[in-house]
Protein chains: 2
Amino acid sequence: MAQDTREQLLDAAERLFSERGVRASSVRDITRSAGANTAAVNYHFGSKLGLLQAVCARRLKPLNAERIAGLVLLAEAPETPRLECILRAFLQPAFTMFREHPEFMRLFAALHVAPDNMRSLVYRNTDSEQLVRMLRKTLPRALPEASAQELFWRVHFIVGAMSIAFTGSPDIGLLSAGEVARDSDPVMLERLIDFGAAGLSAIPAFEALALPGDSR
Amino acid sequence: MAQDTREQLLDAAERLFSERGVRASSVRDITRSAGANTAAVNYHFGSKLGLLQAVCARRLKPLNAERIAGLVLLAEAPETPRLECILRAFLQPAFTMFREHPEFMRLFAALHVAPDNMRSLVYRNTDSEQLVRMLRKTLPRALPEASAQELFWRVHFIVGAMSIAFTGSPDIGLLSAGEVARDSDPVMLERLIDFGAAGLSAIPAFEALALPGDSR
DNA sequence: GTCTATAGGTGGATAGAC
DNA sequence: GTCTATCCACCTATAGAC
């Protein structure tokens with residue numbers, strides 16, 4: 001049952017890392033929760049950080065594959081892709097993943113802004129380079145006016161906004177108790193596409209300030 | 001030198017929490033880095049979490065005070081405030097704080113999407129309720145068409161985007177090595193205001209999907 | 001207020017039997 | 001591949017002298 005133990009460890013780690021944080025989840029907690037013995041993590045993944053990396057790769061690889069496939073379709077079409085379609089190709093798979101594995105997407109959101117030492121692990125073996133390549137191929141076609149620098153940051157702003165959609169905000173319930181309900185995931189996706197498409201299309205009011213390094 | 005030790009502890013904790021994470025920074029590391037003795041944290045703050053709360057309150061209280069003051073000015077003006085001005089009142093103080101204490105704003109960004117147990121501490125004694133009240137008073141004037149629900153989430157999207165501006169992204173340097181440089185802070189502020197104002201003004205394409213709970 | 005010493009517990013990782 | 005037992009470094013918090 002080697003495969004089975006491996007999967008159970010990944011499941012348990014994903015859940016505990018997400019709920020309590022990576023550092024706060026001990027290898028002992030994880031193996032106990034997975035019904036495995038204490039040494040299993042080190043046997044299967046080498047170390048706790050190896051386990052974290054495997055947790056990320058398991059979800060990010062298919063997620064990015066789906067994103068890339070959608071973007072390739074848009075890139076191959078003869079007409080210029082609509083901005084909303086590009087955003088949907090990027091965001092829809094993430095929301096689908098969130099429906100199926102909300103714990104992972106919350107963990108992923110947290111790792112996104114975590115201290116550097118952890119961030120470097122997350123993207124290994126996830127085809128992220130190819131995803132970025134496809135974004136850089138499709139987005140400028142829909143937004144020929146925008147500089148690469150501008151697009152780069154705006155895409156990352158959208159990633160930050162997505163993280164909030166997945167984690168909620170600390171204010172929710174604390175500051176607006178009862179007044180604002182959590183929306184369903186499909187609504188949040190549409191909300192984010194509307195927001196992101198408008199943000200990406202914004203006309204910079206400060207073009208004159210752009211740095212020399214800001215080329216293309 | 002009681003005050004002095006206290007401040008030094010806050011400084012050291014802010015830096016270490018930000019660089020390594022809260023959990024990864026031990027009380028011993030903090031006291032050593034502050035030049036204080038091991039028991040100082042417990043004497044001055046009761047516990048490690050008490051120290052974290054004090055670290056947050058020290059920065060968030062003046063930050064929110066500045067934001068609130070700016071929003072009050074806009075609210076008292078006879079004419080309808082421009083959306084960009086409201087956003088600037090909210091974002092400018094944060095970027096000023098980032099210039100003076102980048103470690104704190106990175107820590108704050110990380111805590112924003114951290115597991116729940118830590119988030120509850122952050123906002124105590126920070127006048128966040130009043131800040132939200134002022135946003136809810138000013139924003140609908142500039143955006144009378146948008147529902148409260150819509151505005152709520154879009155403001156949070158902007159907060160998520162801001163977090164990315166402060167922490168950078170894991171992709172930076174990793175996926176786009178050398179091609180995209182980090183911009184100066186003032187440029188990032190203007191970038192975020194442009195992006196956020198456009199996003200806030202976006203016309204929802206899915207109004208029909210809005211939930212019954214989505215009032216006002 | 002500051003310090004040392006230490007209690008009392010948990011951490012990741014491994015050795016070696018099965 | 002799985003398990004037990006164990007190493008030892010490290011953690012937070014406190015007691016009690018100064």
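Fair warning: this is a prediction, and the values are worked out from it, not measured in the lab. Both backbone and side-chain heavy atoms feed into the values below; hydrogens, waters and symmetry mates do not. Proteins come first, then strands; the chains are lettered A, B, ... in the order of their sequence lines, and each starts at number 1.
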Is a side-chain donor-acceptor pair under 3.5 Å present for A:Arg119 with A:His112?
no

Does B:Gln53 reach the side chain of B:Leu121, with side-chain heavy atoms less than 4.5 Å apart?
yes

Dot-bracket, DNA chain C: Watson-Crick or G-U, under 3.5 angstrom, [ ] crossing, | other strand?
||||||||||||||||||

Can you measure B:Phe45 atom CZ to D:dA13 atom C1' for me and round it to whole angstrom units?
16 Å

Could you tell me whether B:Phe195 and B:Phe157 have their ring centroids closer than 6.0 angstrom?
no

Mark yes or no for whether A:Thr167, through its side chain, and B:Val113, through its backbone, hold a donor-acceptor pair below 3.5 Å.
no

Say whether, by atom type as modelled, one donor and one acceptor occur between the side chain of B:Ser163 and the main chain of B:Val159 under 3.5 angstrom.
yes

Rounded distance in Å - CG (B:Asn37) to P (D:dA13):
15 Å

Does the separation of the ring centres of B:Phe95 and B:Phe166 fall below 6.0 angstrom?
yes

What integer distance in Å separates B:Leu51:CG from D:dA13:C1'?
14 Å

One character per nucleotide, please: for nucleotides 7-14 of chain C, 5' to 3', B when the base has a protein heavy atom closer than 4.0 Å, S when only the sugar-phosphate does, - otherwise.
----BBBB

Between A:Lys48 and A:Val22 (side chain of the first, backbone of the second, donor and acceptor by atom type, cut-off under 3.5 Å), is there such a pair?
yes

Once salt bridge (charged side-chain N to carboxylate O under 4.0 Å, His left out) is applied, do any residues pair with A:Arg23, and if so which ones, sequence neighbours excluded?
none

